[in-house]
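Have a look at the structure below, then the notes.
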Amino acid sequence: MRTIVRNIGSIVTPVLDRRGDAHIEEYRNRDIIIHNGKIESIVSENAAHLDTGDFRVIDAEQSVIAPGFVDSHTHILYCGNRTKEFYMRLAGKSYLDILKEGGGILNTVGETRKCSAEGLVRETLPRILNAVSNGTTTMEIKTGYGLDRENELKMLHAAKLIRERDTVRVVITALPLHAIPEGKKEGDYVSEALDTILPEMTADSDFLDIFCDSGSFSPESLMKLGQFAQLKKIPLRVHSGEIANIGCVKASINYEISSYDHILHIDDEDIAIMREKKAFATILPVTAFVLGEKMPGPRKLLDAGIRVSIGTDSSPLNPCQNMLFAQYLSVRYCGMTPEEAFISSTINPAVSLGQGESVGSIEEGKYADMVMLNVKEMDDIPFMWDSGIVREVLHNGNVTFRSETY
């Protein structure tokens, strides 16, 4: 049976031009018809030729309908808890200090290795559901807390189990080069990852990634991964410039990079490379907020014509899955307009994840991944981020969240 969404206040959606740049369109007096999980048509409100007896009817009650949010950078899949590190940071410890004391990523690696794939799913699902309740319908999920063949493959399996549940659309990124395991040298572990771990992960992964930064992997390791990715014909997403600019963007010039993520520390040459490659820049303001560190400055990137995405970076040290909050921070502290934040939470991350033909906008032929918002206009979205504005979320045309308030 077809579904019709009626009584819509307005439809707000990004629209791409021929160059791949987006602008916002708003449509009023429209109904949305859904069939087989996709938007079949967008018709005039109360179209005379429609017999609503043939439809399952969803009453939007004058909500604004927007595309479901696309969270293009998460470390949401893990076991364990790092609450103590929050207080260690408040006491003045840096991220690198905590890492040297066996905390940080290595702490989570230990806890995740103790978990089965099913245990990982059990611990992660509440975080997934929280993301959905705040309007997320597509999410990138990284491995990276296994750091050996057995446990990276376990994380990959858990990510696939979450994908199969179809609560949210899942894009999988293989990240065994997330940290250097305790007791190993960088070069030895990179060789291990390229020889014995990643070859078994590429078939079920959409992207590869590396944490190229001070205290982690070097530009030389990035180049080795780039060569591997070229051979396997799989694109890269690169953590770069969160802690310092050690030349990772420059080292990636010969490889296919979908997105450079974090990029708190970049220079004009980096920006020129990103623009030339037509890569996305993914900013992660929630993590900067949680860590009390420098906020991203996307204005220079936007003005240079680089397309920007926003992610939550949900992780053991940043227990936030709320894309509404990420948009608020982007407007409040990062100099973005509400329109830019909206585009950077919908179509831009969708395209960066290779999902632009399927999701990220309200268009005929795309999946019916939509969020109903109890707002009057788009500018309300970041401002009212914690006001319970999400009333209903649809994924593939099915309701995955409905607020009890409405």
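Heavy atoms only: backbone and side chains are in, while hydrogens, waters and symmetry mates are out.
- Dense packing is recorded around NZ of K277, with more than 12 heavy atoms of other residues, nucleotides or ligands lying under 6.0 Å away.
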Quiz item: Going through the checks in order, is the side-chain hydrogen bond (donor to acceptor under 3.5 Å, both in side chains) test met by E152 and T143?
Solution: CA-CA 6 Å; E152 284 293 311; T143 70; 2.6 Å; yes

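- Heavy-atom contacts from other residues, nucleotides or ligands closer than 6.0 Å to CD of E357 number 12 or fewer.
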Self-check item: Stepwise side-chain hydrogen bond (donor to acceptor under 3.5 Å, both in side chains) test for D313 and S315
Solution: CA-CA 6 Å; D313 197 24; S315 71; 5.1 Å; no

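- Nearest heavy-atom pair across S330 and I283 is OG-CD1, 4.0 Å.
- Annotation: the span from N254 atom CG to Q230 atom CD amounts to 7.5 Å, rounded to 0.5 Å.
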Quiz item: Please walk me through it: do N318 and T287 pass side-chain hydrogen bond (donor to acceptor under 3.5 Å, both in side chains)?
Solution: CA-CA 6 Å; N318 163 26; T287 292; 3.2 Å; yes

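- Judged purely by atom type and a 3.5 angstrom limit, E340 uses its side chain to pair as donor or acceptor with the backbone of T337.
- Contact record, P285 with M295: O-CE, 3.5 Å, taken as the closest heavy-atom pair.
- Using a 4.5 Å heavy-atom threshold, the side chains of M372 and I58 count as touching.
- Among T108, I105, I76, T83, the one residue that satisfies the side chain to side chain contact (heavy atoms under 4.5 Å, CB included) test with P316 is T108.
- The two residues A117 and H157 come nearest to each other via the heavy atoms CB-CD2, 3.6 Å.
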Exercise. Determine, stepwise, if the pair E61 / R391 fulfils salt bridge (charged side-chain N to carboxylate O under 4.0 Å, His left out).
Key: CA-CA 10 Å; E61 298 186 32; R391 58 182 302 141; 3.2 Å; yes

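- If you take CZ on F228 and CG on D195, they are separated by 9.0 Å, rounding to the nearest 0.5 Å.
- Y255 OH: more than 12 foreign heavy atoms inside a 6.0 Å radius.
- Here the CG atom belonging to N322 is positioned 10.5 Å from the OG atom belonging to S314, to the nearest 0.5 angstrom.
- Side-chain contact check for M155 versus T112: some heavy-atom pair is nearer than 4.5 Å.
- Distance alone, capped at 3.5 Å, is enough to place a donor-acceptor pair between the S133 side chain and the N130 backbone.
- Between F69 and F342, the ring-plane angle classifies as perpendicular under the 30° and 60° cut-offs.
- Nearest heavy-atom pair, P296 versus A288, reported as atom, atom and distance to 0.1 Å: CD-CB, 4.1 Å.
- When atom types are taken as modelled, the side chain of R28 and the backbone of G9 share a donor-acceptor pair closer than 3.5 angstrom.
- Contact check on R149 versus E200 returns a salt bridge, with a Lys/Arg side-chain nitrogen under 4.0 Å from an Asp/Glu carboxylate oxygen.
- The minimum heavy-atom distance linking S216 with H178 is given by the pair OG-O, 3.5 Å.
- K300 NZ to D267 CG: the interatomic distance, rounded to the nearest 0.5 Å, is 8.5 Å.
- Checked options D209, L208, T173; the residue passing with L236 is L208 (criterion: side chain to side chain contact (heavy atoms under 4.5 Å, CB included)).
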Self-check item: R402 vs E392, salt bridge (charged side-chain N to carboxylate O under 4.0 Å, His left out): CA-CA, chis, key distance, verdict
Solution: CA-CA 4 Å; R402 179 178 288 123; E392 200 158 309; 3.1 Å; yes

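- With hydrogens and angles left out, the side-chain atoms of E26 and S10 include a donor and acceptor closer than 3.5 Å.
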Quiz prompt | Stepwise side-chain contact (heavy atoms from CB on, under 4.5 Å) test for I24 and V12 | solution = CA-CA 7 Å; I24 302 296; V12 177; 3.8 Å; yes

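- A side-chain hydrogen bond (donor to acceptor under 3.5 Å, both in side chains) with H395 holds for exactly one of T167, D166, T136, T400; it is D166.
- A donor-acceptor contact shorter than 3.5 Å links the side chain of D97 to the backbone of S94.
- More than 12 non-hydrogen atoms from other residues, nucleotides or ligands lie less than 6.0 angstrom from CG of L129.
- Checked by atom type and distance alone, the side chain of K294 pairs as donor or acceptor with a backbone atom of L264 at under 3.5 Å.
- Proximity of L373 to V371: side-chain heavy atoms (C-beta onward) are separated by under 4.5 Å at one or more points.
- Test R163, K160, R237, K142 against D206 for salt bridge (charged side-chain N to carboxylate O under 4.0 Å, His left out) and you get one pass: R163.
- Taking the six-membered ring where tryptophan is involved, the planes of F325 and W385 are tilted, since the angle between them lies from 30° to 60°.
- A heavy-atom distance below 4.5 Å is not found between the side chains of P67 and M370.
- You'll find the side chain of T138 reaches within 4.5 Å of the side chain of D369, heavy atoms only.
- For the pair R332 and F289, the cation does not sit on the ring face, since its NZ or CZ is not both under 6.0 Å from the ring centre and inside 45° of the axis.
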Self-check item: Full working for salt bridge (charged side-chain N to carboxylate O under 4.0 Å, His left out) between D71 and R169
Solution: CA-CA 10 Å; D71 191 347; R169 195 173 309 282; over 6 Å; no

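- Here the CG-CD distance, from L16 to E363, works out to 7.0 Å after rounding to the nearest 0.5 Å.
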Exercise. Check step by step if side-chain contact (heavy atoms from CB on, under 4.5 Å) holds for T137 and V359.
Key: CA-CA 9 Å; T137 55; V359 297; 5.9 Å; no

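- Between H75 and H239, the two ring planes are tilted [angle within 30° to 60°].
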Side chains of residues 303-310: which donor-acceptor partners sit under 3.5 Å, not counting sequence neighbours?
| residue | atom | partner | partner atom | Å |
| --- | --- | --- | --- | --- |
| D303 | OD1 | R299 | NE | 3.4 |
| R307 | NH2 | K278 | O | 3.0 |

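- Summarising the geometry of G311 relative to L284, their closest heavy-atom pair is O-CD2, 3.5 Å, with the distance given to 0.1 Å.
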Exercise. Could you give me the CA-CA distance, side-chain angles and deciding distance for E364 and K366, then say whether salt bridge (charged side-chain N to carboxylate O under 4.0 Å, His left out) is met?
Key: CA-CA 6 Å; E364 294 178 357; K366 288 194 171 184; over 6 Å; no

Practice problem: Take E186 and S221 through the test side-chain hydrogen bond (donor to acceptor under 3.5 Å, both in side chains) and record every step on the way to the result. | Solution: CA-CA 8 Å; E186 178 182 353; S221 294; 2.5 Å; yes

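- Side-chain contact between M139 and I141 is present, with at least one heavy-atom pair separated by less than 4.5 Å.
- Annotation: side chain of I33 is not in contact with side chain of I39 (no heavy-atom distance under 4.5 Å).
- Between the CD1 atom in I266 and the OH atom in Y260 there is a gap of 11.0 Å [rounded to 0.5 Å].
- Side-chain atoms of L353 and F207, non-hydrogen and from C-beta on, do get closer than 4.5 Å to each other.
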